[in-house]
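Values in this document were obtained by computation on a predicted structure and should not be read as measured data.
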Amino acid sequence: QYPKVRFLNCSVDVPYSSVRTYYSRVYEGKFITGAIAGAMSDNNEIGYVGSYPIFGVPASINAFALGAQLTNPRAKVVLRWSCQELDPVKSLRDMGITVISNRDVPTAGYLEHGNYGTYTIQPDGSMLHLGSPCWMWGKLYEHVVRSVLKGTWNSGKNVTRAVNYWWGMDSGVIDVELSPNLPEGLLTLANHLRQGLQNSTIDPFFRKIVAQDGTIKNDGTRHFYPRDLLHMDWLCDNVVGKIPSFEQILPYSQSMVRELGIYRDAIPPEMEGTL
């Protein structure tokens, strides 16, 4: 009835030609906060709270781990999942881990509110915020609206093909919010990394990478394709923890993983009622 209406869904890799999807390359911001965490850790252990084993999340974990390794070759990233336990931060703190990467800020300006981003636990139990990836929602929707107004929405596209927008820091859609609490030298490094990601002279995964099982995922001579990053189902060798299976996650998380999980094609179909 309304053929000129455009539909978009905030997700990634949902293969419907009639509904385009959009998301950001959060892993780029995670690479920077990983470098910050590696430098700020005094015992070489960093906590990381993963959300769900869905498309793009392992890439963020690995980018964070590679960033931590950049500033601290001895850094280990201890992985916990919010879809497996109700308070993963507490379990990390009980282990004596004082530098933790938690959920990202929803938009710029939220870093100091709640347990967002990467922070250190102070001796008195308070949090000292360090930084977090942040969405620049206005820039994202500006890209979409401009493509419609300019008439380029379907330009050069096969309208029967699914289209997924996956924007990075070079588009202005994703950025990293840095805390004024950072030491001056570390703030300078973080800004250099941000600039390199924005002008595409830095690629977090363009280096030798070894997975937990000892296999070499990159010999340092190639870039990963977007599909390699989105469907990443392995973890770097300095990550302590595993990607949970479908049966290991809490029931309320299973619907999300069934739809967007990195192993969604292997999940048995749901049975409704009795046959």
Side-chain angles (χ1 to χ4, degrees), residues 9-16 21-31 33-34 37 46-68 76-92 95 97 100-104 106 115-118 132-133 135 162 164 166 168 174 204-205 209-215 217-218 224-270:
N9 177 255
C10 186
S11 61
V12 69
D13 203 41
V14 179
Y16 299 105
T21 64
Y22 60 95
Y23 214 72
S24 73
R25 298 198 293 268
V26 180
Y27 73 84
E28 294 180 347
K30 289 288 192 180
F31 176 68
T33 55
I46 303 163
Y48 189 105
V49 180
S51 55
Y52 307 92
I54 60 177
F55 295 128
V57 168
S60 288
I61 298 169
N62 286 333
F64 183 91
L66 293 171
K76 296 292 183 183
V77 176
V78 181
L79 178 62
R80 292 290 184 271
W81 294 87
S82 61
C83 62
Q84 280 193 295
E85 52 187 318
L86 296 178
D87 194 349
V89 172
K90 182 179 184 302
S91 67
L92 291 169
M95 294 174 62
I97 294 175
I100 297 173
S101 173
N102 202 353
R103 55 186 178 158
D104 304 326
N115 55 350
Y116 287 112
T118 298
S132 174
W135 289 73
N164 299 289
W166 200 34
I174 189 74
F205 293 98
I209 301 174
V210 181
Q212 288 177 328
D213 61 3
T215 59
K217 295 298 184 178
N218 192 343
F224 285 145
Y225 291 109
R227 186 171 183 83
D228 297 328
L229 296 166
L230 276 176
H231 291 259
M232 194 173 279
D233 58 359
W234 50 268
L235 298 173
C236 292
D237 61 352
N238 66 325
V239 177
V240 180
K242 300 293 182 183
I243 297 174
S245 67
F246 185 72
E247 295 74 20
Q248 292 173 328
I249 61 178
L250 296 171
Y252 75 84
S253 303
Q254 290 183 341
S255 59
M256 169 77 77
V257 176
R258 183 177 290 279
E259 181 69 24
L260 298 172
I262 55 175
Y263 43 66
R264 66 182 178 189
D265 294 338
I267 300 174
E270 287 184 292

Worked verdict on Lys30 versus Asp104 for salt bridge (charged side-chain N to carboxylate O under 4.0 Å, His left out)
CA-CA 9 Å; Lys30 289 288 192 180; Asp104 304 326; 2.9 Å; yes

With side-chain contact (heavy atoms from CB on, under 4.5 Å) as the criterion, how do Val210 and Cys236 come out once you've worked through the C-alpha distance, each side chain's angles and the decisive distance to 0.1 Å?
CA-CA 6 Å; Val210 181; Cys236 292; over 6 Å; no

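Considering all non-hydrogen atoms of both residues, Phe55 and Ile262 come closest at N-CG2, 3.8 Å. Contact record, Leu66 with Pro204: CD1-O, 3.6 Å, taken as the closest heavy-atom pair. A pairwise comparison of heavy atoms in Glu247 and Gln254 identifies CA-NE2, 4.5 Å as the closest pair. In terms of heavy atoms, Lys242 sits closest to Leu79 at O-CD2, 3.9 Å. In terms of heavy-atom proximity, Pro58 sits nearest to Ile54 at CD-O, 3.4 Å. When all heavy atoms of Glu85 and Ser91 are compared, the closest pair comes out as OE1-OG, 3.4 Å.
Here the two rings, on Tyr48 and Phe64, have centers that are under 6.0 Å apart.
For the pair Tyr52 and Val57, the minimum side-chain heavy-atom distance is 4.5 Å or more. Side-chain atoms of Cys83 and Pro53, non-hydrogen and from C-beta on, do get closer than 4.5 Å to each other. Counting heavy atoms from C-beta on, the side chains of Met232 and Phe224 come closer than 4.5 Å. Val78 has its side chain within reach of Arg80: a pair of non-hydrogen atoms, C-beta onward, lies under 4.5 Å apart. At a threshold of 4.5 Å between non-hydrogen side-chain atoms, the residues Tyr23 and Leu230 do not count as touching. In this structure, Val89 and Val49 have side chains that are in contact, with non-hydrogen atoms separated by less than 4.5 Å.
Looking at Asp213, Asn62, Val240, Val77 one by one, the single match for side chain to side chain contact (heavy atoms under 4.5 Å, CB included) with Leu235 turns out to be Asn62.
Judged by distance alone, with hydrogens and angles left aside, the side-chain atoms of Ser101 form no donor-acceptor pair with the main-chain N or O of Thr33 at under 3.5 Å. Looking at Arg25, its side chain never comes within 3.5 Å of a backbone N or O of Pro226 through a donor-acceptor pair. Side chain of Gln212 to main chain of Val239: a donor-acceptor pair is present (N/O by atom type, distance under 3.5 Å, no hydrogens or angles). Between the Gln248 side chain and the Ser245 main chain, a donor and an acceptor come within less than 3.5 Å of each other.
Put simply, CH2 on Trp234 and CD1 on Ile61 are 11.5 Å apart, with the number rounded to the nearest 0.5 Å. Rounded to the nearest 0.5 angstrom, Trp135 CH2 and Ile174 CD1 are separated by 6.0 Å. Summarising the geometry, atom CG belonging to Asp13 is positioned 7.5 Å from atom OG1 belonging to Thr21; distances are rounded to the nearest 0.5 Å. Within the model, atoms CG of Leu250 and CH2 of Trp81 stand 13.0 Å from one another, a figure rounded to the nearest 0.5 Å. In this structure, CG on Asn102 lies 8.5 Å from OG1 on Thr118, to the nearest 0.5 angstrom. In this structure, Met95 CE and Ile100 CD1 are separated by 10.0 Å, a value rounded to the nearest 0.5 Å.
Heavy-atom neighbours of Tyr252 OH from other residues, nucleotides or ligands within 6.0 Å: above the threshold of 12.
Applying the ring-ring contact (aromatic ring centres under 6.0 Å, His included) criterion to Tyr116, with sequence neighbours excluded, gives no partner residue. Residues forming a ring-ring contact (aromatic ring centres under 6.0 Å, His included) with Tyr27 (at least two apart in sequence, or on another chain): Trp166, Phe205.
Between Asp237 and Lys217 there is no salt bridge, since no side-chain nitrogen of the basic residue lies less than 4.0 Å from a carboxylate oxygen of the acidic one.
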